Amino acid sequence: MSMSNGHGNGYDADITASIVSRFDARPEQLIQILHGVVERFGYVPEAAIRQLAEALNLSRADVHGVVSYYHDFLTGKPGRHRVKICQAEACQAMGSHELTAHATGSLGMALHETKDDITLEPVYCLGNCACSPAVMIGDRVYGRVTAERFDELIGGLEGND
Ligand code: FES
């Protein structure tokens, strides 16, 4: 299949086509294929969703459904800073929902969105349950994060001070 990419944002349809063919264009391999796309582009662009639906003979809604079910698949280009707030049980018990509400309010964006180079994401257990609620920024995990501490961490991000 040939689709010209024509996108200025680094998306390349030929690369996606080669990932699809590595999995013999088998629709049951969709998750693995999506992982391949994320590995290559850092997220799942809308153009890839369209292309995968066509190549795997699925509807676009099917592909979208899988992408949004798995919280690791971002559909927009991530910001330089990825901020993940744990939503799993132990953190929930220690107020991670309230912390998330604070974060979305103070950053002015919803989960899965990107603004000012910050991408806010949910995550399901960071292995830091003893120090809930946990937040991961880049590859560092922070424990017992209060609303004030969250604001400090965000304020300390490069390019955000
Ligand atoms: S439940 Fe949040 S770190 Fe384990």
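Predicted, not measured: the structure shown is a model, and the values here were computed from it. Counting convention: from 1, in listed order, for ligands and their atoms alike.
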Provide the closest heavy-atom pair for P27 versus L58 in the form atom of the first, atom of the second, distance.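 Reported closest heavy-atom pair: CB-CD2, 4.0 Å.
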Side-chain atoms of residues 30-42: list all donor-acceptor pairs with protein atoms under 3.5 Å, sequence neighbours left out, distances to 0.1 Å.
none

For the pair D151 (side chain) and E148 (backbone), establish whether a donor and an acceptor sit closer than 3.5 Å, ignoring hydrogens and angles.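 No, the answer is negative, given that no donor and acceptor are paired below the 3.5 Å cut-off.
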Identify which protein N/O/S atoms are less than 2.8 Å from atom 4 (Fe) of ligand 1.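 Listed by chain and number: C125 SG, C129 SG.
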Pair up each side-chain donor or acceptor in residues 85-92 with any protein partner under 3.5 Å, not counting sequence neighbours, and list the distances.
residue, atom, partner, partner atom, Å
Q87, NE2, I85, O, 3.1
Q87, NE2, T100, OG1, 2.9
Q92, NE2, Q87, O, 3.1

Give a yes or no on whether V123 and L99 share a hydrophobic cluster (residues Ile, Leu, Val, Met, Phe, Trp, Tyr; joining criterion: side-chain heavy atoms under 4.5 Å apart).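 The answer is no; the residues belong to distinct hydrophobic clusters.
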What pairs of donor and acceptor atoms, side-chain ones from residues 127-142 against any protein atom, are under 3.5 angstrom apart with sequence neighbours left out?
residue, atom, partner, partner atom, Å
S132, OG, C129, O, 2.5

